[in-house]
Amino acid sequence: MKTSAPEPESGDNVSYDFVALEAKWSSWWEKHQPFTVVAGEDDRPRKYVLDMFPYPSGDLHMGHAEVYALGDVVARYWRLRGFQVLHPIGWDSFGLPAENAAIKRGVDPRQWTYSNIDQQKASMKRYAASFDWSRVLHTSDPEYYRWTQWLFLKMYEKGLAYRKDSWVNWDPVDQTVLANEQVLPDGTSDRSGAMVVKKKLTQWYFAITQYADRLLDDLNQLEGRWPAKVLAMQRNWIGRSQGAEVDFVIEGRPTPVTIFTTRPDTLFGATFMVVAPDSDLAAELVEDGTEEVKASFAAYLESTQKASEIDRQDASREKTGVFLNRYGINPVSGERLPIWAADYVLADYGTGAIMAVPAHDQRDLDFAKKFDLPVRVVLDTNAPVTGAIPVVTEEMLEAGDLPPADPLVTGEALAGDGRMINSGPLNGLSKNNAITRVIELLEEAGTGRAAKTYRLRDWLISRQRYWGTPIPIMYDEQGNEVAVPFDQLPVTLPSGEGLDLRPKGSSPLGAAKEWASVTHEGKKLTRDADTMDTFVDSSWYFLRFLSPHDDTQAFDVAEAEKWAPVDQYVGGVEHAILHLLYARFITKVLFDLGYLSFTEPFTSLLNQGMVILDGAKMSKSKGNLVYFSQELDAYGVDAVRLTMAFAGPPEDDIDWRDVSPVGSQKFLARAWRLSGEVESKPGIEFGAGDAPLRRHTHRFLADVPPLIESFKFNVAVARIMELVNHTRKTIDQGPGASNPAVREATEAVTLALSMFAPHTAEDMWERLGHQPTVALQKWPEADHSLLVEESVTAIVQIDGKVRQRLEVAPSIARDELEKLALESEAVIRALEGKTIVQVVVRAPKVVSIQTQP
RNA sequence: GCCCCGGUAGCCCAAUCGGCAGAGGCAGACGACUUAAAAUCGUCCCAGUCAGGGUUCGAGUCCCUGCCGGGGCACCA
């Protein structure tokens, strides 16, 4: 046995000093860098654990404290389980706040950004997250954004990055365009809070809609591994609708207009058509019209564009529109349908034109009533739908059998199923049969087809701001696009010094004349002055971590093969749509380009909740902030981390008022004290130790791993507390501190605590006489022979009431337990005067007896 | 309006397959130690699981309805 181990100090005269522990162990980790992963021939299994990287705005806050505590539990857990764990960290360091701060203070955004990063980095180290500090990246480093530009050009080559002229979301405060995803449901910007307006601009897009089906369908493979909530949100967002496209011939127009509908069964009920006022089609349809029509359309278009988004989205708002004095022909009935323009039809959904079926669509009905347009019921929703295809005969109709309610009278469009009427060849069919049939008819005639459409729009990535990745495109004098050759990347940002960064609706980069004009192959070209949405930067950063210093490629394909996809991703639910959807999209693109062998970037996702105070989100304006560094000063890093894990299920919000970092601190002190009281030497045989404590320890060793793997960190911490309590009792009231079981239990506590309270655990490990670091120890296998209980308590219920408890062997046979139960005194007494009707035996736990009086 | 998640002790939360409602913590009470207090150690208190119905020998757990809370989507054809 080693004699170099320090004598355990007496627990009585040494107190738990978290300040000293933090100082001691943080410098040990800084010196030894135990979490650096080096490429080599380590053939242990691997885990890639990734926490969403922070935006460098000020210091870390309590939200960060939670993510990085929980992510670290998972990373440290897999290390204890013998895995090589890649756990990197970086900064998402491009973005508007840096630029706005720079404008306010008149400094270069770099200065603000990198000094914030330094501050956060120091806080992160203090927080003792087990990151591989050799892999730090910042998306605003030219070494990084060079490869963001590479990604753009790869997408450009594939036709997935393209420019189009379209109505876009314009933020009048930040003076930039926004993606649809950045506009909140109330029509305001998610960043500035300003009411977003529509503007027609030529912008760059990523063709994410081409991947809509895959983005939707592949969610199935994440079922059970991602929170159901996030899967639902993504499905909702992609919003696939199944239906049909139908071509309507337009009088006086050479080509037909195609509409999208989810209800092709109601085609015979179409009584007019509507086009979006801001669509090209609407403009074209009035082009040759009378001055009167043109004028009324122009006035209407103007008024709709003045309507704010919040008004426009109000479904209860009265319908508005103008008649365009044009007509379309219903392809199945030949009926002549007037064409209107109305803003309840959206230009960028479906085809921007609809057939209106007022009898069966509430919006169309509202419109028809307002403008006195005809309403024709084509689906009798009173008619029963049975398995057999019902047939409605002319006689039945004439006899007035099951007359449909009149939507014009009730004001309610008829939803639901029934039998088709007034629909020629569809009459008598149920809704679904009619859909199938009418699509067949349309396809035969060549005037329509099955189709699907999406709520998802292409991803607008241009931003008229300075602090972002420059778009690597140049234009000749005719405005033609010229891609910057790959070997000329990166297109670096010019210095912000002397540039007017104030938002003015066009890119500040355009004003950097020297930077913007280039000579390329003898031609004078101008650079695109826009920068990319920062979500492009973060859509692939998890790959860059695999080879962060490689200056020959975006990421090392062989390393990606080894480590990716990310096994465990940890972050806030606020990124449930945006970031995760984009990262999934880019992963699929890189798969298609042959760089990756997988199509989903994040195998498992953990969303932690928010840290709130008094039931409300913390905010500066509410004055209910809890400051990260103050909490660490007051309670210590380990107590704060432990509190985060113990507060409740990770996905729930933590109300800082409801939790007790003081309690965590006391518990850590209590656990730490054990390590000083253990009187046996390291390496001692545990076999002869106190049996109840040993059983508890091995139960613990068996129970904790599945708890961590199912993210029940709070329960795992409770288990540690129980074992600490039992050990305390064994020392004070049992066989005492020299019993080997006390050491075994305390070591198990130390290993488990290393996931939650690394400083305390390192110190305990050392006080137990071991060499650092506890973080790289192996979690002991539970000895299952110790887990077998000698006896269990079986209960005997009579008519649902517990009447007897029996100590029985766990392996007791069904019949024997029944016999034992029926023969026990309390049961015999309880059964007096009653007749047994039924006895259910579930050995070894329950005997349930039913009686009759 | 549609969809999803949740309601267990004063508070935060546990409870494999449906099988004794309580693991852990906070707060509270009491005791030991102390001149006293803090710290520490120990003991104790507290709900029948939002409401109503159903299935079952047995329901916190499964099913239905409703109430309350949280979240997502919403003039998306």
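Closest to the side chain of A:Asn714, from the set B:rC13, B:rA23, B:rU40, is B:rC13. Counting only heavy atoms from C-beta on, A:Val345 has its side chain closest to B:rA77 among B:rA77, B:rG24, B:rC57. Comparing B:rG72, B:rU40, B:rA14 by their closest approach to the side chain of A:Lys666 singles out B:rU40. When distances are taken from the side chain of A:Lys319 to each of B:rG25, B:rC73, B:rC75, the shortest belongs to B:rC75. Taking the side chain of A:Met721 as heavy atoms from C-beta on, and the options B:rC26, B:rC13, B:rG24, the nearest nucleotide is B:rG24. Nearest nucleotide to the side chain of A:Phe646, out of B:rA77, B:rG19, B:rG25: B:rG25.
The CD1 atom of A:Ile836 lies 8.0 Å from the OG1 atom of A:Thr851; values are rounded to the nearest 0.5 Å.
Heavy atoms of A:Arg728 sit under 4.0 angstrom from primed sugar atoms or phosphate atoms, though from no base atom. Contacts of A:Phe667 with the nucleic acid, taken as non-hydrogen atoms under 4.0 Å apart, are absent. A:Gln838 comes within 4.0 angstrom of the backbone, heavy atoms only, and of no base. Residue A:Pro227 is out of contact with every strand shown, counting any heavy-atom pair closer than 4.0 Å. Using a 4.0 Å heavy-atom distance criterion, A:Ala228 is classed as making no nucleic acid contact. When heavy atoms are screened at a 4.0 angstrom cut-off, A:Gln362 is found touching no nucleic acid atom at all.
When the nearest nucleotides of RNA chain B are assigned to A:Thr262 and A:Lys229 by heavy-atom distance, the more 5′-ward of the two goes with A:Lys229. Each of A:Ser848 and A:Thr793 has a nearest nucleotide on RNA chain B; the 5'-most of these lies closest to A:Thr793.
A donor-acceptor pair under 3.5 Å is absent between the side-chain atoms of A:Asn607 and the main chain of A:Pro227, judged by distance alone.
Residues A:Ser241 and A:Thr262 come closest through the heavy atom pair CB-CG2, 3.9 Å.
An OP1 or OP2 oxygen of B:rG42 is reached within less than 4.0 angstrom by a side-chain nitrogen or oxygen of A:Arg670. Considering only side-chain N and O atoms, A:Arg673 lies under 4.0 angstrom from the phosphate OP1 or OP2 of B:rC41. In this structure, A:Asn725 does not reach the B:rC41 phosphate: none of its side-chain N or O atoms is under 4.0 Å from OP1 or OP2. Of the side-chain N and O atoms in A:Ser15, none sit less than 4.0 angstrom from OP1 or OP2 of B:rA39.
Going from the P atom of B:rC64 to that of B:rG48 covers 27 Å, rounded to whole Å. The same atom, C1', is picked in B:rG24 and in B:rG31; the two are 23 Å apart, to the nearest Å.
For a distance-only test at 3.5 Å, the side chain of A:Gln733 fails to qualify as a donor-acceptor partner of the base of B:rG42.
We find that CG of A:Asp343 is positioned 17 Å from P of B:rA77, with the value rounded to whole Å. Rounding to whole angstrom units, CG of residue A:Asp732 and P of B:rA32 are separated by 18 Å. Distance, A:Ile238 CD1 to B:rG72 P: 18 Å, rounded to whole Å.
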Test log, rule side chain to side chain contact (heavy atoms under 4.5 Å, CB included), inputs A:Asp213 and A:Arg240: CA-CA 8 Å; A:Asp213 277 328; A:Arg240 179 161 67 196; 2.4 Å; yes
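Residues A:Gln234 and A:Trp226 bring no donor and acceptor atom of their side chains to less than 3.5 Å of each other.
Anti is the conformation of B:rG31, whose glycosidic angle sits further than 90° from 0. Base orientation at B:rC17 is syn, since its O4'-C1' glycosidic dihedral falls within 90° of 0.
Other residues, nucleotides and ligands place no more than 12 heavy atoms under 6.0 Å from the NZ atom of A:Lys845.
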